[in-house]
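Below is one structure, written out as C-alpha cells; the observations come after it.
The model shown is predicted, which means the values in this text are computed figures rather than measured ones.
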Amino acid sequence: MSMILPIVYVLFFIFLIYKVNFFDISGLSRNTITAIFILKIIAGTVLWWLYTYYYPGPDFLDYFNDGHTLFNLLFHNPKLFFQVIFQNASYPELHSWNDNFEHVLYNDSHTMIVLNMLLHFFSVGYFHVHTVFMCFLSLLGLAALYKTFLPYFLDGKKLLLIVIFLIPSVLFWSSGVLKEGLLFFGMGMLLYITNCGLAKTYNLKKISMILFSIVLLLLVKFYVLVALFPGLVLNLWISRTSTKLVATKYIVIIFAFVCETMLLKTVNNDYYPLKIISEKQAKAISEAQGGVFLENKEHFVCIPYEMKTKLLQQIKNDVYVIKNNSTYLQWDQNNMKDTTFINNSVDTAHYTFLYEVVPAKTTLKLDRLEPNMLSLISNAPKVFINVFIQPLIWNVKGIIQLVTALENSVLILLIFLTIVFFNIKPENKPMIYFCLSFAVILFILIGITTPVIGAMVRYKVPALPFLCIGLLLLMDKKKMVKRFPFLSKWMDSNT
C-alpha cells in the first residue's frame, strides 16, 4: 500500500492535468506538463532519499511526524487539538498527552505541520503521498508563473519553460515536503491573478484568491511577501497610469516604504522591521555555531552542542536547569540583539527545551546589522554578492552545493550576455523592474540573516526564476541568435 497509494494519486493528478482548463497553456502541451510532474516526483523522491539516509534531521520528517501526531490528537482530544492549531497550547499540556510533540509550537513551521496533518486524511500515514501532493501544488504555482510571463516570451517559450520549471535547484527543492513547494504555489497564484500587479479589473473570486495567496505567504515565509511588495505596488501604479517614468515611480515607492518602516519604529519598536531582522540575524549566527537552545520568560540561551550532556540537568520532560559553573550564551527575551557571555553561571532557573542544532559545516562571517537604515544599506552589497556567488566552485561540499555552484556560473554568463546584448523594450519595463527588484530584495534579506551556505542555497531558490526572467527580458534575443545561430532552436514558438 505504501507504493500503491502514491501511484493512485499520481494517476489522479495526471487525469486532472488532461481535464482541467487551467493546464490548457499555449506553447506547453499537456504531455509536457505531465512529464514535468513526473520529473518533480522523481526529484522529490531523491530529496527524501538523500535527507533520510545521508543528511541528519530533515525538516520534512519533522513536519510529517508532528502532522501525524496532530492528526491523532484530533480524534483523541479535540479541545487540545484546536488549542494547538491556534497555538494556544503549552508544552506541558502537549507532553501530558504525547511525548512525540517536538516542533508544533514556538517556531515558524506551524503551517507545514498543519498541512501535513490535513494530508493525513488522504495519505493514511504514507509519506510519499505527501510528496505527490506537494509536487502537484508546486506544479500549479509554476504553471501559473509560466502563464503570467508567457506574453513576454512569445519568441522564446522554450527558454521560459527552462527557467520556470527546469532550473535544478528549483526542481529539487520545490518537489519535497518543504516550504518551497507552498511558496511557489502561493507566489504563482498571486502573480497570475494580479498579472504581477498589472491587472486592471478584479472580481470577487479573484480578490478571494489574492487574499488566500497573501495569507499563505504570510504563514509560510513572510519575508518573501515583503520582497514582492515594492514590485507589486509599482505595477499597480503603472496599471492605473502608464509605463512612463517607471524608474521614478519605483524610487518614490522605495522612499515611501522606507518612511513607513521608520514610522513603525515610532509607533511600536517591537514591530520595527530592522529590529526584527537584526534579532533574526543574531539568532541565526548563534544557531550556525550549533548548540542546544532553551528559553524561559526572561532569557533565551544556547548551550554548546558538544557540552550539552555535561552542562544540562533534566528536571522533567523538556524542562532543564543549567548546572553551576557553566559557560554559554544568553539573550534577554526583549532584546535578542545583545548577546551575553555567561561564565561560571549560578543560574537556578528552569528552562524549556526548544531544539538543538548540529554545528554547520560551511558558514560565512556576517557583519552585525544595526537596526537602522544606514547599516542595512552598507551591508546590502556584500550580502547580495554572497548569496549570488556562494558556494564558490572550489569550496563546494556535496553534490547539492556543486549543482548550485554550476547554476551560479550560468547566472554569471547570463549577466555577461545581458550586458553584450542589452536592449530594453518599453513594454517590458514593468516586468523587468518587478522581477529584478524581487530577486535583489530577497537576496539581501537572505544574505543578512543566513550565515550557513547550505541554508542559503535553499532559501534563494524562489528568486532564481525571476532573476533569469528579468535578465532575459533585458536582452535583444534576435541579435543574440544572429551571433550564436545554434540558439535559434530555443527562440521559436513551438515546444
Side-chain angles (χ1 to χ4, degrees), residues 22 59-60 63 66-67 70-71 74 81-89 103-122 130 133-145 147-148 173-174 176-199 201-236 257 260-261 264 268 270-271 273 276-277 280 434 438 441-442 445-446 449 459 461-463 465-466:
F22 177 81
D59 291 349
F60 57 80
Y63 302 153
D66 286 337
L70 195 56
F71 178 80
L74 172 62
F81 169 84
F82 285 105
Q83 288 179 331
V84 173
I85 290 294
F86 295 105
Q87 296 185 299
N88 292 323
H103 311 279
V104 172
L105 298 176
Y106 312 124
N107 59 48
D108 59 357
S109 301
H110 193 75
T111 303
M112 288 300 300
I113 295 167
V114 173
L115 173 65
N116 276 270
M117 180 275 297
L118 294 173
L119 289 178
H120 269 78
F121 285 98
F122 302 94
H130 295 230
F133 272 79
M134 189 60 73
C135 285
F136 188 73
L137 283 175
S138 62
L139 178 71
L140 284 171
L142 292 169
L145 289 178
K147 294 172 74 170
T148 301
W173 292 111
S174 70
V177 186
L178 296 166
K179 295 178 183 179
E180 282 69 25
L182 275 187
L183 273 180
F184 277 109
F185 174 69
M187 286 195 305
M189 293 299 118
L190 176 63
L191 301 183
Y192 174 63
I193 294 167
T194 63
N195 192 24
C196 296
L198 292 172
T201 59
Y202 298 93
N203 54 33
L204 183 60
K205 180 180 178 181
K206 288 184 177 181
I207 292 173
S208 299
M209 283 299 298
I210 290 170
L211 292 176
F212 170 79
S213 301
I214 290 174
V215 170
L216 181 61
L217 292 175
L218 284 171
L219 292 174
V220 178
K221 286 191 177 180
F222 170 73
Y223 64 85
V224 173
L225 185 62
V226 171
L228 287 169
F229 183 75
L232 285 171
V233 174
L234 172 67
N235 284 351
L236 182 64
F257 191 63
E260 183 181 358
T261 299
L264 282 173
N268 189 333
D270 290 338
Y271 294 101
I276 295 172
I277 294 172
K280 184 175 176 64
F434 176 85
F438 170 64
I441 293 171
L442 191 60
L445 291 176
I446 292 169
T449 58
Y459 296 161
V461 163
F466 296 89

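Contact between Trp173 and Leu178 at its shortest, heavy atoms only, is CE3-CD1, 3.7 Å. Between Ala143 and Phe22 the shortest heavy-atom distance is CB-CE2, 3.9 Å. The minimum heavy-atom distance linking Ala463 with Phe438 is given by the pair CA-CE2, 4.0 Å. Between Gly188 and Ala144, the closest heavy-atom pair is O-CB, 3.4 Å.
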Show your working on side chain to side chain contact (heavy atoms under 4.5 Å, CB included) between Phe212 and Leu190 and close with a plain yes or no. CA-CA 9 Å; Phe212 170 79; Leu190 176 63; over 6 Å; no
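The CD1 atom of Ile207 sits 7.0 Å away from the CG atom of Asn203 when rounded to the nearest 0.5 Å. In this structure, Met117 CE and Asp66 CG are separated by 12.0 Å, a value rounded to the nearest 0.5 Å. Between Leu216 atom CG and Leu211 atom CG the span is 12.5 Å, to the nearest 0.5 Å. Between the OH atom of Tyr192 and the NZ atom of Lys206 there is a distance of 8.0 Å, given to the nearest 0.5 Å. Within the model, atoms CD of Glu180 and CE of Met187 stand 9.5 Å from one another, a figure rounded to the nearest 0.5 Å. Note that CG of Leu140 and CG of Leu145 are 11.0 Å apart. Values are rounded to the nearest 0.5 Å.
In this structure, Asn235 has no side-chain hydrogen bond (donor to acceptor under 3.5 Å, both in side chains) partners at least two apart in sequence or on a different chain. With sequence neighbours excluded, no residue forms a salt bridge (Lys or Arg N to Asp or Glu O under 4.0 Å) with Lys147. Under the side-chain hydrogen bond (donor to acceptor under 3.5 Å, both in side chains) criterion, Ser213 pairs with no residue, sequence neighbours left out.
The aromatic rings of Phe133 and Phe122 are tilted relative to each other, their planes meeting at an angle between 30° and 60°.
Put simply, the side chain of Phe184 reaches to within 4.5 Å of the side chain of Val461, judged on heavy atoms. Looking only at side-chain heavy atoms (C-beta outward), Leu119 and Met134 stay at 4.5 Å or farther from each other. You'll find the side chain of Tyr63 stays beyond 4.5 Å of the side chain of Leu115, heavy atoms only. Between Val220 and Phe185, the closest side-chain pair of non-hydrogen atoms is not below 4.5 Å. Put simply, the side chain of Phe257 reaches to within 4.5 Å of the side chain of Val226, judged on heavy atoms. A 4.5 Å side-chain heavy-atom check between Thr148 and Cys196 finds at least one atom pair inside the cut-off. Tyr459 places none of its side-chain heavy atoms less than 4.5 Å from the side chain of Leu442. Proximity of Leu191 to Phe466: side-chain heavy atoms (C-beta onward) are separated by under 4.5 Å at one or more points.
A donor-acceptor distance shorter than 3.5 angstrom exists from the side chain of Thr111 to the backbone of Leu219, with no hydrogens or angles considered.
The side chain to side chain contact (heavy atoms under 4.5 Å, CB included) test with Val224 is passed by exactly one of Ile446, Leu183, Ile441: Leu183.
Counting heavy atoms of neighbouring residues, nucleotides and ligands inside a 6.0 Å radius, atom CZ of Phe229 does not exceed 12 of them. Crowding of Phe222 atom CZ: a count of heavy atoms from other residues, nucleotides or ligands under 6.0 Å not exceeding 12.
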